[in-house]
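Here is the structure we will look at, set down as structure tokens.
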Amino acid sequence: MKAALRMIADLLAGDSGADRVVPPTGFTATLTTFTAGAMAFLAVFAMALSFATGRLADRWSSELARSSTVRISAPAAELEAQTLAAQEVLRLTPGVARSRVLGDEEQRLLLEPWFGPDLPIDTLPIPRLIEVVEEGEGYDAEGLRLRLAAEAPGAVLDDHTRWRKPLVRAANRLRTLGWVSITLIAISTAAMITLAARAALAANGQVIRVSRLVGARDVYIARAFVRRFTLRALIGGIIGTALGMIAIAFLPAAAEEGAFLTGLGFQGWNWLWPLILPPLGAIVSFWATRSAALRVLKEVQ
């Protein structure tokens with residue numbers, strides 16, 4: 001613990017003599033800051049995607065798991081009688097909290113996204129729909145199907161299982177993809193910063209040789225590179241994270257009719273998660289630069 005605190009103190013304090021070994025400006029400074037900022041910006045969106053798809057999977061799983069639909073397709077003369085028979089079966093079924101026949105207006109709203117607002121419900125042979133809400137551990141789907149077949153032959157039970165599972169599976173995979181993206185972003189950041197550090201070391205080969213002649217050790221020289229590149233990555237990470245959070249904040253708010261497309265963002269305490277990105281980027285830069293510096297210094301004679 002003391003060694004870690006001493007390393008952080010040395011990193012923040014720096015050494016004016018050692019800092020002269022690293023060029024304060026140039027393409028390596030710009031590349032490091034830009035890379036860290038761009039990667040942090042992308043990581044904010046990847047993190048937002050992970051949280052949004054996680055919420056979506058939970059909502060789809062909980063909402064669709066507690067509801068189902070009975071669709072009744074029968075001749076007009078029998079439709080009302082079969083509807084009443086199906087409702088009676090549902091009323092006597094354990095695990096069914098309540099059932100409700102959807103009205104013409106509700107069915108029109110369900111069909112409107114596909115057929116438009118002017119669909120003539122009254123003149124078309126639209127099946128009658130009954131919404132079923134479960135309670136407790138739910139009902140026996142197979143037993144309910146058998147009873148409906150006996151009492152209302154035109155009734156078909158849809159418990160949403162075939163719809164729910166693929167949706168939840170897709171949302172969970174998107175959530176995993178978001179975290180995999182963050183990991184790839186961290187690896188890419190380390191690779192870019194390593195290249196920048198190696199370029200800076202190669203450009204200062206003569207200065208490194210002179211420093212060795214006057215007694216500077218490789219660890220002393222490497223510390224200057226590590227400090228400079230870590231601070232550049234930290235500054236770039238702060239800027240990229242701030243811009244990413246601002247962009248997320250200006251996205252449209254979640255809406256029931258398009259929750260996936262408009263709900264990409266953070267909610268509540270999840271807004272704190274992006275704040276770990278700048279220090280995480282600095283840690284990645286620290287180890288990447290340190291490894292590259294010590295390796296290159298061994299090669300420079």
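In this text, all values refer to a predicted model and were calculated from it rather than measured experimentally.
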Atom [atom1] in [X], atom [atom2] in [Y]: separation rounded to 0.5 Å?
X    : Y    : atom1 : atom2 : answer
T69  : L102 : OG1   : CG    : 7.0 Å
W179 : M47  : CH2   : CE    : 4.5 Å
L277 : L42  : CG    : CG    : 11.0 Å
L184 : T189 : CG    : OG1   : 10.5 Å
T230 : R223 : OG1   : CZ    : 12.5 Å
I72  : R128 : CD1   : CZ    : 7.5 Å

Looking at [X] and [Y], what are the two nearest heavy atoms and their distance?
X    : Y    : answer
L31  : A196 : CD2-CB, 3.9 Å
A155 : V70  : CB-CG1, 3.9 Å
A40  : G237 : CB-O, 3.7 Å
L234 : P278 : CD1-O, 3.7 Å
R71  : P127 : CG-CB, 3.6 Å
W271 : M245 : O-CE, 3.5 Å

>> Could you check whether R198 and T194, counting side-chain N and O atoms only, form a donor-acceptor pair closer than 3.5 Å?
In response: no
Report yes if the side chains of [X] and [Y] come closer than 4.5 Å at any heavy-atom pair, otherwise no.
X    : Y    : value
Y139 : L90  : no
E131 : L129 : no
Q82  : P153 : yes
S188 : M39  : yes

Assigning hydrophobic clusters by single linkage (Ile, Leu, Val, Met, Phe, Trp, Tyr; side-chain heavy-atom cutoff under 4.5 Å), is [X] placed with [Y]?
X    : Y    : answer
I239 : V284 : no
V101 : L148 : yes
V226 : I283 : yes
I235 : L280 : no
F266 : L243 : yes

> Can you check side chain to side chain contact (heavy atoms under 4.5 Å, CB included) on T83 and I130, steps first, answer last?
Replying inline: CA-CA 8 Å; T83 301; I130 302 177; 4.2 Å; yes
> Given a cutoff of under 4.5 Å between side-chain heavy atoms of I, L, V, M, F, W and Y, with clusters grown through shared members, what are the other residues clustered with F250?
Replying inline: I246
Is the backbone N or O of [Y] less than 3.5 Å from a side-chain atom of [X], with the two atoms forming a donor-acceptor pair by type?
X    : Y    : value
T53  : S50  : yes
T93  : V89  : yes
S181 : L177 : yes
E134 : V96  : no

> When you look at F41 and T241, which way does the side chain to side chain contact (heavy atoms under 4.5 Å, CB included) test go after all the steps?
Replying inline: CA-CA 5 Å; F41 184 85; T241 300; over 6 Å; no
> Hey, what's the ring geometry for W273 with F51, parallel, tilted or perpendicular (30° and 60° as the breaks)?
Replying inline: tilted
> With a cut-off of 6.0 Å (strictly less than), are more than 12 heavy atoms of other residues, nucleotides or ligands near CZ of R173?
Replying inline: no
>> Determine whether E142 and L144 satisfy the following criterion, side chain to side chain contact (heavy atoms under 4.5 Å, CB included), listing intermediate values before the conclusion.
In response: CA-CA 5 Å; E142 290 303 319; L144 179 56; over 6 Å; no
